[in-house]
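Residue numbers begin at 1 in each chain, while the letters A, B, ... track the order of the sequences. Hydrogens, waters and symmetry mates play no part in the numbers below; they use all other heavy atoms, side chains included. Computed from a predicted model, the values in this text were never measured in an experiment.
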Protein chains: 2
Amino acid sequence: MGRKRLQDAADGRPTVHTVAARAGVSIASASRVLNGIGGSAETVRRVREAAAAVGYVPNAIARSLQAQRTGLIALAVEDIGNPVYVAMMRAIEAVVAGSGHQLLVHATGGNVAGETALLRRLAHRYVDGMIISPIRVTDAHVEALTASPVPVVVVGQLPEEVPVDNVRADSRTGIALAVDHLVAAGRTRIGFVNGPLDTVPGAARDAGFRAAMARHGLAVDPATVEVGDFQYAAGRAAAERLLDRTEPDAIVCANDLIAVGALHALLVAGRRVPEDVALVGMDDTELAQMSFPQISSVSLGSAERGQLAAGLLLDRIADGTLAPRREHVAPSLAVRASSGGVR
Amino acid sequence: MGRKRLQDAADGRPTVHTVAARAGVSIASASRVLNGIGGSAETVRRVREAAAAVGYVPNAIARSLQAQRTGLIALAVEDIGNPVYVAMMRAIEAVVAGSGHQLLVHATGGNVAGETALLRRLAHRYVDGMIISPIRVTDAHVEALTASPVPVVVVGQLPEEVPVDNVRADSRTGIALAVDHLVAAGRTRIGFVNGPLDTVPGAARDAGFRAAMARHGLAVDPATVEVGDFQYAAGRAAAERLLDRTEPDAIVCANDLIAVGALHALLVAGRRVPEDVALVGMDDTELAQMSFPQISSVSLGSAERGQLAAGLLLDRIADGTLAPRREHVAPSLAVRASSGGVR
DNA sequence: TTGTAAGCGTTATCAA
DNA sequence: TTGATAACGCTTACAA
């Protein structure tokens with residue numbers, strides 16, 4: 001800028017220089033006192049007084065530049081409207097708050113181009129690290145992930161060889177939990193409403209469903225399987241299509257948003273839940289408990305995954321040389337009224 | 001630090017110096033080319049080539065320090081789990097993305113100390129501006145608000161004299177819309193489940209309810225009014241208490257979370273909705289449409305408020321001398337099955 | 001303990 | 001068009 005160094009900032013707010021001048025000490029002394037390192041009693045007193053008098057507040061950006069950290073951690077999820085991500089976010093926030101970090105939330109819409117662009121933007125170092133939960137993992141992801149100069153933790157499946165900290169759920173087993181439960185309750189005509197098969201969770205849940213059905217010696221009639229996206233409206237529409245074609249005595253849904261949509265479709269169609277059709281969702285979000293009847297749901301441990309991911313990330317931010325780690329969270333089933341539990 | 005100036009950054013990543021050295025030009029020329037201003041054809045070519053070769057990416061923090069802006073806008077809401085705030089956030093994001101800003105979301109929990117601390121932290125200038133939607137407004141808020149060196153827009157009621165950009169809904173009239181609708185449908189024993197009366201929206205909705213009832217010549221039996229917080233669980237519990245005491249033929253709820261809770265309580269109690277009891281919520285969130293029956297809800301224009309707030313904020317960031325503005329968004333009623341509409 | 005000055009990585013000014 | 005250099009506001013190494 002070439003402008004002569006003034007005490008105050010360009011916008012007139014006090015800087016260390018302002019405080020130092022007022023206290024009659026050097027900026028170094030002022031800075032030290034302000035950071036609680038050293039200083040004679042007299043210096044401390046005068047700097048504190050000066051700082052208070054002018055209402056000095058350190059500039060976060062300047063401090064970031066010097067410290068080489070922003071104090072920000074990014075969280076990239078597909079859909080911020082899905083309560084499962086809210087739960088995860090809360091768990092992450094609780095952990096990172098302890099290290100003085102703030103959460104920057106990105107909603108990616110599951111868009112591959114957007115996600116990789118986000119990963120590439122990490123090179124700008126606008127955050128100290130990122131937790132990302134991609135529902136599709138492409139080569140572009142893997143490339144951007146490994147090239148990132150900033151620590152990244154992936155929540156979700158990732159190819160074995162990718163050297164990135166990783167927390168994964170087991171939705172395959174989760175779906176099995178749901179199927180086992182329904183079969184044990186005597187249901188045999190089990191429908192399945194899934195998300196897109198070209199997504200990692202969609203593929204895993206499809207495989208899990210088919211494996212579990214096979215294990216029970218139950219054939220999977222193509223007419224009883226429907227696919228939409230992971231949203232309420234798609235779930236409802238998919239369930240409607242399914243009910244048009246078949247007469248299931250149970251429906252497993254790939255997440256709670258879909259399950260709530262399916263419940264809607266069932267009730268509109270005049271089916272009693274669980275008497276005529278049992279229903280099981282996945283993610284075990286608040287939505288499952290807010291519905292009537294309450295919806296049984298497979299918990300994939302969203303809060304725990306968030307907590308673990310945050311821990312991995314903070315560890316790596318503290319020490320970038322750590323070997324990549326991989327954590328697993330086991331699924332569990334919350335049985336509620338929609339599948340015959342206690343209402 | 002006293003360390004000799006190296007070309008690469010401390011972490012080994014390329015800087016403008018790296019690029020300049022490789023291209024054989026000054027950092028000034030390199031910077032200019034990188035920012036697309038001037039440079040001879042030859043210089044441009046060499047700088048571009050050097051930048052590509054070393055994989056140069058500008059450092060966001062250094063840029064922020066120089067530009068005196070972070071590119072970040074904070075959004076502070078009470079509860080990120082409430083879909084109404086998700087809708088608002090999406091609307092805001094759509095606007096601020098256009099000016100290259102990112103959203104930093106804070107969940108305040110409606111905590112006064114936390115909110116004022118947040119406002120005071122603005123002095124650190126870690127964001128370019130903030131949109132805050134406090135459910136309580138104290139003197140501490142007003143003080144922090146007016147003292148903020150960074151533009152702030154308040155979504156919600158604010159004392160007239162506070163010179164801050166402000167977007168407000170009219171929940172008083174909104175509640176009237178609900179009551180009018182129920183009265184027109186022949187309901188007379190109208191219950192009300194509200195949030196805390198010491199919150200701004202809680203107080204406005206209480207006043208609105210009483211005024212509307214009075215206008216219709218209906219007495220407000222204290223037994224038909226319940227108060228909890230603005231959450232699902234509280235709404236359900238409050239509705240249960242209300243049903244223990246009285247036999248309403250309609251219930252108005254202060255938001256959709258409460259309405260979903262009340263719906264649950266009604267169905268558990270064996271009431272038919274809307275035949276026995278009509279139900280109207282507020283905020284017109286996805287939740288209202290996802291319920292069965294779908295819940296009529298008063299829209300307070302959350303997306304529109306978010307959009308307006310973002311516009312006000314961007315305008316003020318561009319020109320801090322603007323006179324404070326105040327925008328109003330009118331409520332409207334979405335009639336659905338829960339109050340006798342088409343199912 | 002204190003002050004001087006370098007440096008964080010960038011952009012902008014100004015003279016050549 | 002170009003380069004030297006100051007400046008953004010802060011922390012810290014080093015010498016006094």
Side-chain angles (χ1 to χ4, degrees), chain A residues 1-21 23-47 51 54 56-71 123-126 128 149, chain B residues 1-21 23-47 51 54 56-71 123-126 128 149:
Chain A
M1 258 190 203
R3 171 172 71 77
K4 251 276 142 341
R5 232 250 157 267
L6 260 36
Q7 286 176 8
D8 287 355
D11 58 3
R13 297 200 40 90
T15 71
V16 226
H17 294 86
T18 320
V19 174
V25 301
S26 71
I27 59 164
S29 290
S31 176
R32 277 186 223 109
V33 170
L34 261 11
N35 288 290
I37 357 182
S40 66
E42 174 62 6
T43 304
V44 170
R45 192 188 62 69
R46 279 160 58 192
V47 171
V54 299
Y56 172 76
V57 179
N59 179 305
I61 308 174
R63 198 172 251 185
S64 288
L65 179 58
Q66 156 69 32
Q68 302 275 59
R69 70 186 283 281
T70 62
H124 290 144
R125 330 209 44 162
Y126 69 105
D128 297 335
Chain B
M1 261 191 201
R3 170 171 75 76
K4 252 270 138 357
R5 232 254 156 261
L6 261 34
Q7 286 175 8
D8 287 356
D11 57 2
R13 296 197 42 89
T15 70
V16 223
H17 292 87
T18 321
V19 175
V25 301
S26 71
I27 57 164
S29 291
S31 177
R32 275 185 225 111
V33 171
L34 262 9
N35 288 289
I37 7 182
S40 67
E42 174 62 5
T43 303
V44 169
R45 192 189 61 70
R46 280 160 57 192
V47 171
V54 299
Y56 171 76
V57 179
N59 180 306
I61 308 174
R63 197 172 254 185
S64 288
L65 179 58
Q66 157 68 34
Q68 303 274 56
R69 71 187 282 281
T70 63
H124 291 168
R125 329 208 46 161
Y126 68 105
D128 297 335

Atom-pair distance (CG on Leu65(B); C1' on dA12(C)), nearest Å | 13 Å
Please tell me which of the listed nucleotides, dT11(D), dG3(C), dG9(D), lies nearest to the side chain of Ile27(A)?
-> dT11(D)
For Gln66(B) and dG9(C), what is the distance between atoms CD and P respectively, to the nearest whole Å?
-> 15 Å
Selected nucleotide, minimal atom distance to Val16(B) side chain, candidates dG9(C), dG7(C), dT10(C) | dT10(C)
Rounding to a whole Å, what distance do you find between Tyr56(B):OH and dG9(C):C1'?
-> 7 Å
Using the side-chain contact (heavy atoms from CB on, under 4.5 Å) rule, take Val25(B) and Glu42(B) through it: C-alpha gap first, then chi angles, then the decisive distance, then the call.
-> CA-CA 11 Å; Val25(B) 301; Glu42(B) 174 62 5; over 6 Å; no
For the residue pair Thr43(B) and Ser29(B), what are the closest heavy atoms and their distance?
-> CG2-CB, 4.3 Å
Looking only at dC10(D), dA4(D), dA13(D), the nucleotide nearest the Ala62(A) side chain is dC10(D)
Looking only at heavy atoms, which two atoms of Ala20(B) and Ala30(B) are closest? And how far apart?
-> CB-CB, 3.9 Å
Among dT12(D), dC10(D), dG3(D), the nucleotide that comes nearest once only the side chain of Val25(B) is considered | dG3(D)
Ile61(A) CD1 to dG9(D) P, in whole Å, measures 9 Å
In whole angstroms, how far is the C1' atom of dG7(C) from the CD atom of Gln68(A)?
-> 10 Å
Just by modelled atom types, is the Asp8(B) backbone N or O under 3.5 Å from a matching donor or acceptor in the Thr15(B) side chain?
-> no
Heavy-atom closest pair, residues Arg46(A) and Ala23(A) | NH2-O, 2.8 Å
Closest non-hydrogen contact found for Tyr56(A) with Val16(A) is CE1-N, 3.6 Å
Determine the minimum heavy-atom distance between Ala21(B) and Gln7(B), stating which atoms define it.
-> CB-NE2, 3.1 Å
Could you check how far CZ of Arg46(B) sits from C1' of dT2(D), rounded to whole Å?
-> 12 Å
Expressed in angstrom and rounded to an integer, what is the separation of Arg13(B) atom CZ from dT10(C) atom C1'?
-> 15 Å
Check the distance between dC8(D)'s P and His17(A)'s NE2 and give it to me in whole angstrom.
-> 8 Å
For DNA chain D, what residues of residues 31-43 of chain A have any heavy atom nearer than 4.0 Å?
-> Ser31(A), Arg32(A), Asn35(A)
Do the side-chain N or O atoms of Thr15(A) get closer than 4.0 angstrom to the phosphate oxygens (OP1, OP2) of dG9(D)?
-> no
